[in-house]
Amino acid sequence: MYRTKTCGELRIEHVGQVATLCGWVDSYRDHKGVVFIDLRDRYGITQVVFQADTPTDMQTIARGLRSEDVIQVTGEVLARGAGLENPKLVTGQIEVRGRELTLLNKSKTPPFEPRTQDLPNEELRMQYRYLDLRRPVVQQAIILRHKLAKATRDYFDRHSFLEIETPILGRSTPEGARDYLVPSRVHEGSFYALPQSPQLYKQILMVAGYDRYFQIARCFRDEDLRADRQPEFTQIDVEMAFVKQDDILSTIDGLMAHLLKELRGEELPLPLPRLTHREVMEKYGSDKPDLRFGMELICLMEIAENCGFTVFKNTIANGNRVRGIVAPGAAEKYSRKQIDELTEFVKQYGAQGLAFFRVKEEGLDSPIAKFFSAEDQQKLIAKLGARAGDLIFCVADTAKVSSAALGALRNRLAKELALYDPKEMKIAWVVDFPMFQWDEDEQRWVAEHHPFCQPHEEDIDILETDPGKVRAQSYDLVCNGYEAASGSVRIHDPAVQQRIFSMMGIQPEEAELRFGFLLEALRYGAPPHAGVALGLDRWSMMFSGTDNIRDVIAFPKNQKASDLLTGAPAPVDAKQLRDLRIKVDVPVK
RNA sequence: GGGGCCGUAGCUCAAUUGGUUAGAGCACCGGACUGUCGAUCCGGAGGUUACGGGUUCGAGCCCCGCCGGCCUCGCCA
């Protein structure tokens, strides 16, 4: 062993002992006669001191130490004198008086130091990710992620779940995200697909009798990245047999309570709230609402349809929506210029414009206030529950666009106005998602969740006649505006499965060709089953209080899906391509 | 594929809005200093203003292109 103690554990009670520490030089202070080294490892920082009576050769080494050099130090643990303690360090009551010093490895001058307060840009952090990972806040996030995974395994183990691994090299199936493909050398011209999720395998495990399965599974989706999306990510994947929707929900309720308890020491009241998809779309304009604050969307149809403002009136006449939100106390906080920025913001979501009203004691102040009678203005204020000093925003558009625009505006305003405690976690279920969504481009119905999802029993009759109204037995767990888990009751009746495929324009022959192995499995005594998958990365984000998924992944990809540390992806040797019978045909720009 | 923001010393930023020789803090190098803890003090070195064009008497600043980074719409069952 190179060390007897870590840099985070020495305390006043260790005074008098001799300890050997190893770590990185976090900072050095050379006072000629006395040299201080702040030594860092992942457990903390301990001050090492070399005094005037230190042998000369060791003083020379100590003086030459620079940031991120790796050293081993042996010395006596001393209490720091009165007034010399450092309250910023948990080890600040003591220091180690260096008696032996070994430079284990010299560091190049780092492009940035782990202790820096001014974070360099992400490009540099990712390129030197090993230096970035030395930063205590990053280490805390990585440690928290470990604890999250550990607590998850403990919980499922305690409830008789089996952790079962499923293949990474699988088969490409239609629907869903773009696959990452892996060419087969043995089968020329054929490809494996990396799993978008272990969906099919876990259903087959249910058929196979492993009635409580979970896995912390890596998933891959070749789609564009976001602050909360990586092309490879980790799911806490769960499936249970002989259960209904409620059983899954209460199982995950229990998991969440366990995690809150283990990771934050908080009690989570159960059951978690269950909101319908219809309800959250109406109130929050989003299927993953941030429930830490109110600011609900209010329907203004009654006022809009008879008001003097043609834009509102026509929107209602065309069967569309006029809805508004109230930003409390924001009337004087947003200048005209800032409101123009908000208008640009909602245009991203397809809105044509953004109506706004400053609420005054005497009525509404707005460029369009003149189109509203005094009576209509009072009705508007009353309907929205607005008060003097508030700022009202309205969007008149289709249900879809007004939801998207106002839902996004609601989140932005709440953040800017600090309407919630960023540390709080507000968790709820959203249930009864629509079974299908009409795809304009493909001119067909596509599954909102996935094609193996069981419709509500009472909606099965209208499957073919009114598919847009069919509700699925599917559910998402939402937290602070993120989709943090998603699942459904699965179809175990091959006849119902066939009808769903046919609704989506997938012919029986094609279904057999693509999903035949699953359909066949379902014919051999498939138990009723249901499942869910939680986003481990996103939960790690929320527990760490960050809004960037890269903060909780040791080696993340950048926005263009590259790994700036290793340079992946990269071209390969011609020989590798020949072995795989692959010809690359990249158009010249 | 579209929209937005950004790119100046190793790093974080500034440069009186188009005007002389592009500055500061940290880091680095040299020196001073026996109790610091963002050590301090003195000195030094360090720049193709991402890159390529253009406008102009004059461009870090304006215009076009391009590369890179981030955010976002589409996309993500």
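Throughout, protein chains are lettered first and strands after them, A, B, ... in sequence-line order, and every chain is numbered starting at 1.
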Scan [range] for pairs that pass salt bridge (Lys or Arg N to Asp or Glu O under 4.0 Å), counting only residues two or more places apart or in two chains.
range: residues 482-497 of chain A; value: A:E239-A:R490
range: residues 38-55 of chain A; value: A:R3-A:D41, A:D26-A:R40, A:R29-A:D38, A:R40-A:E68, A:D53-A:R97
range: residues 555-570 of chain A; value: A:E232-A:K557

Quick one: side-chain hydrogen bond (donor to acceptor under 3.5 Å, both in side chains) partners of [X], sequence neighbours excluded?
X: A:D30; answer: A:R63
X: A:Y420; answer: none
X: A:R471; answer: A:E458, A:D459

Pick base, sugar-phosphate or nothing for [X], based on heavy-atom distances below 4.0 Å to the nucleic acid.
X: A:K347; answer: nothing
X: A:F112; answer: nothing
X: A:S197; answer: base
X: A:E483; answer: nothing

Would you indicate which nucleotide in B:rU12, B:rC76, B:rU36 comes nearest to any side-chain atom of A:Q47?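 It is B:rU36.
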Apply ring pair (Phe, Tyr, Trp, His ring centres under 6.0 Å) to A:H450 and list each qualifying residue two or more places apart in sequence or on a separate chain.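 Applying ring pair (Phe, Tyr, Trp, His ring centres under 6.0 Å) to A:H450 gives A:F452.
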Taking ring pair (Phe, Tyr, Trp, His ring centres under 6.0 Å) as the definition, give me every residue that meets it alongside A:Y180, ordered by chain and number, with sequence neighbours left out.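 With sequence neighbours excluded, A:Y180 shows a ring pair (Phe, Tyr, Trp, His ring centres under 6.0 Å) to no residue whatsoever.
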Using atom P of each nucleotide, how far apart are B:rA24 and B:rU36 to the nearest Å?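 So the two P atoms sit 29 Å from each other.
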Say you pick atom P in B:rG74 and the same atom in B:rU17; how far apart are they, in whole Å?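 Result for the P pair: 42 Å, nearest Å.
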Check the interface with nucleotides 69-73 of chain B: list each N/O to N/O pair with the protein under 3.5 Å, or write none.
from	atom 1	to	atom 2	distance (Å)
B:rG69	OP1	A:N558	ND2	2.4
B:rG69	O4'	A:E123	OE1	3.4
B:rC70	OP1	A:Q559	N	3.1
B:rC70	OP2	A:Q559	N	3.2
B:rC70	O3'	A:R550	NH2	3.0
B:rC71	OP1	A:R550	NH1	3.3
B:rC71	OP1	A:R550	NH2	2.9
B:rU72	OP2	A:A227	N	3.1
B:rU72	O2'	A:Q348	OE1	2.5
B:rU72	O4	A:Q559	NE2	2.9
B:rC73	OP2	A:R226	NE	3.0

Non-hydrogen atoms of A:E341 and A:R412 that approach each other most closely: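 A:E341 and A:R412 have their closest heavy atoms at OE1-NH2, 4.3 Å.
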Quiz question: going by heavy-atom distance under 3.5 Å, is there a donor-acceptor pair between the base of B:rU12 and the side chain of A:Q117?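 Such a pair does not exist between side chain and base.
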Per the atom types in the model, does the base of B:rC76 pair as donor or acceptor with the side chain of A:R229 at under 3.5 Å?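 When only heavy-atom distances are counted, A:R229 does reach the base of B:rC76 through a donor-acceptor pair under 3.5 Å.
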By a strict heavy-atom criterion of less than 4.0 Å, which residues belonging to residues 505-515 of chain A are in contact with RNA chain B?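 Those residues: none at all.
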Would you mind listing every ring pair (Phe, Tyr, Trp, His ring centres under 6.0 Å) that reaches into residues 483-509 of chain A, with sequence neighbours excluded?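 Residue pairs with at least one partner in residues 483-509 of chain A: A:F501-A:F515.
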Anything under 3.5 Å between a protein N or O and an N or O of nucleotides 27-29 of chain B, put it in a table, one pair a line.
from	atom 1	to	atom 2	distance (Å)
B:rC28	OP1	A:Y28	OH	3.0
B:rC28	OP2	A:Y28	OH	3.0
B:rC29	OP2	A:R66	NE	3.1

